[in-house]
Amino acid sequence: MKYLVMAFLAAGLLGCDQLGFREWHWNQKITLTVETPEGVRTGSSVQNVAWYESPTWAKIGDSGGWFSHELQGEAAVVELAPNKYLFALMKTYDDPAANAVFRPERGKSRSTVDHRSEIRAENDAIESSNETRRIPRGSFPKLVTFTDPSNPSTAQEVPALDLEGTFGKGYRLISIQLTITPEPRTSGNIMKVLGPDFFKLWAVQFEANFKSAGAFSKRPFAFRITREDFITGG
């Protein structure tokens, strides 16, 4: 432990990059475009992505020694009509293990050293990018609406290919786009739409459902999602 502490102190003196610690930061803008009976509607949110790398020698148990990432911001929301909103919940789109938007597909057999170098190079490229791409269907975020925006228990999952089944005739998802952008992170849109006490009411309703239905019963959709799906970070 003494040597590990000394190594971290050395990191502060020598610079983290020299010891294998690195960070990347960029902002991603999620834009929803929806066709409605009254015309095309769009809504967007700019979220902050942070990636961290720690070297192999810093691995302790099951933590450290690889990459980790964080997402902060708020869900994208578009107003389709009065009191009709569509939310795209918080989601990362650059996990090397997932169907990523800005990362190439990987072969099945890659060495750890090569994989680490590839992720670094990809992070460098994404961090300096200013590109927009359509999010493929397999990477879509979860889409949600509230039949009553003042009542958390009315949350419904919305099938991306069948907005008409939720909102009625004439509604169609045109695209969900992802942009790496210098724009600052957005905030306040979710609270503006749902109200400042919305998540407090959600917590009260969740507790009431838990007590009445029991710990092992299947929860309604509204209580299988959380505040962190809508807002994360400070």
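We use all heavy atoms of the structure for the numbers below, so side chains are in, but hydrogens, waters and symmetry mates are not. All of these numbers come straight from a predicted model, not from anything done at the bench.
- Side chain of Thr36 to main chain of Glu38: a donor-acceptor pair is present (N/O by atom type, distance under 3.5 Å, no hydrogens or angles).
- Hydrophobic cluster membership is shared by Met191 and Phe198, with clusters built from Ile, Leu, Val, Met, Phe, Trp and Tyr side chains linked at under 4.5 angstrom.
- For Phe87 and Phe146, the ring centers are positioned less than 6.0 Å apart.
- With rounding to the nearest 0.5 Å, the separation of CZ in Arg41 from NZ in Lys84 is 12.0 Å.
- Note: the hydrophobic cluster containing Val77 does not contain Phe167 (ILVMFWY, side chain heavy atoms under 4.5 Å, direct or indirect links).
- Taking the side chain as every heavy atom from C-beta outward, Gln72 and Asn27 never approach each other to under 4.5 Å.
- Placement of Leu89 and Leu163 in two distinct hydrophobic clusters is found when ILVMFWY residues are connected by side-chain heavy-atom separations under 4.5 Å, directly or transitively.
- Rounded to the nearest 0.5 Å, atoms CD (Gln28) and CD (Gln177) are 13.5 Å apart.
- Cluster membership check: Leu178 shares its hydrophobic cluster with Val34, using side-chain heavy-atom separations under 4.5 Å among Ile, Leu, Val, Met, Phe, Trp and Tyr.
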Exercise for the section: Go through the steps for Asn151 and Gln205 under the test side-chain contact (heavy atoms from CB on, under 4.5 Å), then give the verdict. Expected result: CA-CA 9 Å; Asn151 186 349; Gln205 291 180 342; 2.9 Å; yes
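- Side-chain atoms of Thr179 and Thr132 form a donor-acceptor pair, as typed in the model, at a separation below 3.5 Å.
- A salt bridge between Glu53 and Arg116 is present, with a side-chain N of the basic residue lying under 4.0 Å from a carboxylate O of the acidic one.
- Between Arg133 and Val101, the shortest heavy-atom distance links the atoms NH1-O, 2.9 Å.
- Within the 6.0 Å centre-distance limit, the rings of Phe230 and Trp202 are counted as a close aromatic pair.
- Under the 4.5 Å side-chain heavy-atom criterion for Ile, Leu, Val, Met, Phe, Trp and Tyr, Ile190 and Val158 are members of distinct hydrophobic clusters.
- Scanning both residues, Lys29 and Ser44, for their nearest heavy atoms gives CE-OG, 3.5 Å.
- Taking the six-membered ring where tryptophan is involved, the planes of Trp24 and Phe67 are tilted, since the angle between them lies from 30° to 60°.
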